[in-house]
Asks: 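Please find one structure pasted underneath; my questions will follow.
First listed ligand is number 1; within each ligand, the first listed atom is number 1.
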Amino acid sequence: MAACVAENPVEHSYHIAQPQAVPACTVVIFGASGDLARRKLVPALYNLRACGQGMGHHEFAILGFARRPIAVDTFREQMRDAVAQYSRLELDDKCWHEFAERLDYLGGLDQPAGFDRLRMRLEQLEATYGLPPNRIYYLSIPPEGINEAVARLEQAGLIGRPGAPHFSRVVVEKPIGHDLESARETNRSILKHFAESQIFRIDHYLGKETVQNLLVLRFSNTIFERMWGARNVDHVQITVAESEGVGSRSMYYDPSGALRDMVQNHMLQLLALIAMEPPVSLEADAIRESKLNLLRALRPIAAGEAASQVVRGRYTSGTNDGQPVRGYLEEQGIPGNSRTETFVAIKGFIDNWRWAGVPFYLRTGKRMGARESLIHIQFKDLPRILFNRAGVLPANALTLRIQPDEGFSFAVLAKQPGLGVTISPVRMNLRYQSEFEGPVPDAYERLLLDVMAGDHTLFVSASFVEQSWAFVQSILDQWGSDYSIPLNEYRAGSMGPEAADRLIQADGRQWLTL
Ligand code: BG6
């Protein structure tokens, strides 16, 4: 094929896959009175339906299911406020009205009889709106409620066989388990009632547009993939920095901490996507297999090494956006004797042919001085010849910005115009926002549509969940048994504890400045 110079990338785009057909269905949100339903799920569903303004007009009804009985009108009012506050698209009265007609509510999630009522209400809704009995059960409930919920769904005859003419699918939110053992237990108990093909385990990072773009960037640009590995790469950094504190989530966060909350899922997903081998095809199973293999090659933090390869930290009072903020221990609902980490940095290695000997530095934390997620590939130094005889020229680097300013930049060296030879680092910078037009769907919109379409590509397999817990568990075990491993303090608004700087500086490297 003739090479084509795309001056305007949109004019010269290549459609590889169209959005998939989405059958009509009903989404049951378990835990509909919770935070996730309000902030993410209902706004995402509103955006998907929003009178054709959204990403297409999809036929579905929504049934909120929670413990407390509340009037449907009250639920609709609450969700209206939530959409007004959190939706990507502005709330429009006409769209809202149309959406709200299909929004229903049922209490009784904590009672066995509640599930019989659920069946009846579903049949009623389907008859009213002429919907086929395609059902999605979105479990936005605490992990300890999952086993019981899936068992009761089965007892109430609400789970169809895989391959039946109409689908029954279950969506499971993180955290899946609290440790390796409970993750296995949760997987086992869901698999007792649903087949793997009916289960969708969400990691919302996989729905982010820029995370999906990692695969396109790697596998449709010859220049990068040929450079990807120990021969050319000095090291890789993955940073997910948040400026928010723990907020009102102390009940969930304090028993979890940053390692469970961010590393076990989002960070290891990013690591797998950036470092995995090319999948044999774009099929969901092939991509999931490649990711799993990468994780299998991630070297466990061996006994005794957590002290030198992992740094944990906790924020003290400081500032956020110039405003004074409390330290973690002063946050509402945090016990005074808490030992929970709000920051983790890890130095890891991938023991495979491609990455042998290349350090991967991961860091994530709350109340840091920036809100930014990125992956930084630092290439190897130039040889000390020609322009670099003095050994001072910086090496090339590729920085993939996941949020908030999505895009990537490639650091290269160029000659400054002039009579002498002066070399300057310059950045080739792509910002998606200025390069591409059109709306960017929220991660949950994309993922909910994929569940409706039955596409598993952006969902997490049971094996990946367990493999990622196995890695995290080796650290948890050491933190749990070796009390000499410090919990380092860092000021809110800083970039984490000094010990994290020392972790990377000990290897003669630096964290990227955000
Ligand atoms: C969630 C964590 O999974 O991800 C939160 O529980 C974290 O603690 C959030 O703040 C980060 O997501 P995002 O999309 O804001 O980067």
Side-chain angles (χ1 to χ4, degrees), residues 31 34-41 43-44 47 85-88 138-143 171-178 183 200-214 238-271 273 312-315 320 325 328 331-334 338 340-344 362-375 400-406 432 440-448 458-460 464-465 468-469 472 492 496 514:
D35 210 42
L36 187 76
R38 234 163 28 85
R39 294 165 69 104
K40 297 286 183 189
L41 304 180
N47 287 341
Q85 194 176 349
Y86 297 111
S87 157
R88 177 173 63 77
Y138 198 117
L139 305 187
S140 171
I141 52 178
V171 185
V172 194
E173 264 291 337
K174 73 171 263 274
I176 298 179
H178 187 69
F200 292 76
R201 298 178 194 82
I202 284 219
D203 183 313
H204 78 278
Y205 265 56
L206 296 179
K208 288 183 192 277
E209 193 63 30
T210 31
V211 173
Q212 291 167 55
N213 195 40
L214 292 178
I238 303 181
T239 297
V240 177
E242 297 189 272
S243 51
E244 293 288 297
V246 66
S248 56
R249 296 168 75 221
S250 59
M251 283 247 291
Y252 154 75
Y253 194 85
D254 196 62
S256 305
L259 187 64
R260 289 183 171 95
D261 184 47
M262 298 296 288
V263 177
Q264 182 271 327
N265 34 72
H266 311 321
M267 303 285 285
L268 292 183
Q269 287 289 345
L270 294 179
L271 175 73
L273 286 169
R312 57 176 168 171
R314 176 174 69 198
Y315 63 83
N320 177 33
V325 289
Y328 181 73
E331 297 275 22
Q332 201 188 346
I334 302 297
S338 166
T340 301
E341 79 288 353
T342 60
F343 174 98
V344 190
L362 276 52
R363 65 175 164 165
T364 183
K366 296 222 177 274
R367 276 281 184 250
M368 291 176 67
R371 176 181 182 258
E372 212 162 319
S373 304
L374 51 82
I375 302 176
L400 312 171
R401 297 185 304 273
I402 290 161
Q403 60 188 22
D405 178 22
E406 293 87 352
Y432 291 131
V440 178
D442 176 73
Y444 276 94
E445 288 174 49
R446 166 70 200 240
L447 295 172
L448 281 161
L458 301 179
F459 295 85
V460 187
F464 192 98
V465 170
S468 54
W469 267 118
V472 160
L514 303 186

Asks: Just jot down the ligand 1 atoms closer than 4.0 angstrom to any heavy atom of Lys174, in number order.
Replies: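 Matching atoms, with element in brackets: 1 (C), 2 (C), 3 (O), 6 (O).
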Asks: Does the pair Glu406/Lys208 count as a salt bridge with the N-to-O cut at 4.0 Å?
Replies: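 The answer is no: the pair does not qualify as a salt bridge.
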Asks: Using a heavy-atom cut-off of under 4.0 Å, does the side chain or the backbone of Arg249 touch ligand 1, or both, or neither?
Replies: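 Answer for Arg249: side chain.
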Asks: Decide yes or no for Leu374 and Ile402: does some side-chain heavy atom of the first lie under 4.5 Å from some side-chain heavy atom of the second?
Replies: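 Leu374 vs Ile402: side chains apart.
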Asks: At less than 4.0 angstrom from any non-hydrogen atom of Lys366, what atoms of ligand 1 do you find?
Replies: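 Selected atoms, number and element: 5 (C), 7 (C), 8 (O), 10 (O).
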Asks: Please confirm whether Tyr253 comes within less than 3.5 Å of ligand 1 when only nitrogen or oxygen atoms on both sides are compared.
Replies: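 Between Tyr253 and ligand 1 (N or O atoms, distance only) the closest approach is not under 3.5 Å.
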Asks: Report yes if some N/O of Lys208 lies less than 3.5 Å from some N/O of ligand 1; otherwise report no.
Replies: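 Yes.
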Asks: Side chain to side chain contact (heavy atoms under 4.5 Å, CB included), that's the test. Do Trp469 and Phe464 meet it? Break it down for me.
Replies: CA-CA 8 Å; Trp469 267 118; Phe464 192 98; over 6 Å; no
Asks: Can you report which non-hydrogen protein atom sits closest to atom 11 (C) of ligand 1, along with the distance?
Replies: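 Result for atom 11 (C) of ligand 1: Glu242 OE2, 3.6 Å.
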Asks: Let me see the working for Tyr205 and Asn265 under side chain to side chain contact (heavy atoms under 4.5 Å, CB included), right down to the final yes or no.
Replies: CA-CA 9 Å; Tyr205 265 56; Asn265 34 72; over 6 Å; no
Asks: Pull out every atom of ligand 1 sitting under 4.0 Å from any heavy atom of His266, numbered as shown with elements.
Replies: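 So the answer, numbered in order with elements, is 1 (C), 3 (O), 4 (O).
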Asks: Counting non-hydrogen protein atoms only, what is the nearest one to atom 12 (O) of ligand 1? Give residue, atom name and distance.
Replies: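 Ranking protein heavy atoms by distance from atom 12 (O) of ligand 1, first comes His204 NE2, 3.1 Å.
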Asks: Counting only heavy atoms, which portion of Tyr205 has something under 4.0 Å from ligand 1: side chain, backbone, both, or neither?
Replies: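 Answer for Tyr205: side chain.
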Asks: Give me the residue, atom name and distance of the protein heavy atom closest to atom 6 (O) of ligand 1.
Replies: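 For this ligand atom, the closest protein heavy atom is Asp261 OD1, 2.6 Å.
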Asks: Could you go through His266 and Asp203, starting from their C-alpha distance and side-chain angles, then the distance that decides it, and tell me whether this counts as side chain to side chain contact (heavy atoms under 4.5 Å, CB included)?
Replies: CA-CA 7 Å; His266 311 321; Asp203 183 313; 2.7 Å; yes
Asks: If the cut-off is 4.0 Å to any non-hydrogen atom of Gln403, which atoms of ligand 1 fall inside it?
Replies: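 Listed by number with element: 13 (P), 16 (O).
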Asks: Which is it for Arg371 and ligand 1 at heavy atoms under 4.0 Å: side chain, backbone, both or neither?
Replies: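 For Arg371, only side-chain atoms sit under 4.0 Å from ligand 1.
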Asks: Look at the aromatic rings of Phe459 and Phe200 and report parallel, tilted or perpendicular, splitting at 30° and 60°.
Replies: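 The rings of Phe459 and Phe200 stand perpendicular, inter-plane angle above 60°.
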Asks: Glu209 versus Pro441: any side-chain heavy-atom pair under 4.5 Å?
Replies: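 Yes, close enough: below the 4.5 Å cut-off.
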Asks: Between Asp261 and Lys174 (salt bridge meaning N to carboxylate O under 4.0 Å), is one present in this structure?
Replies: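 Salt bridge: yes.
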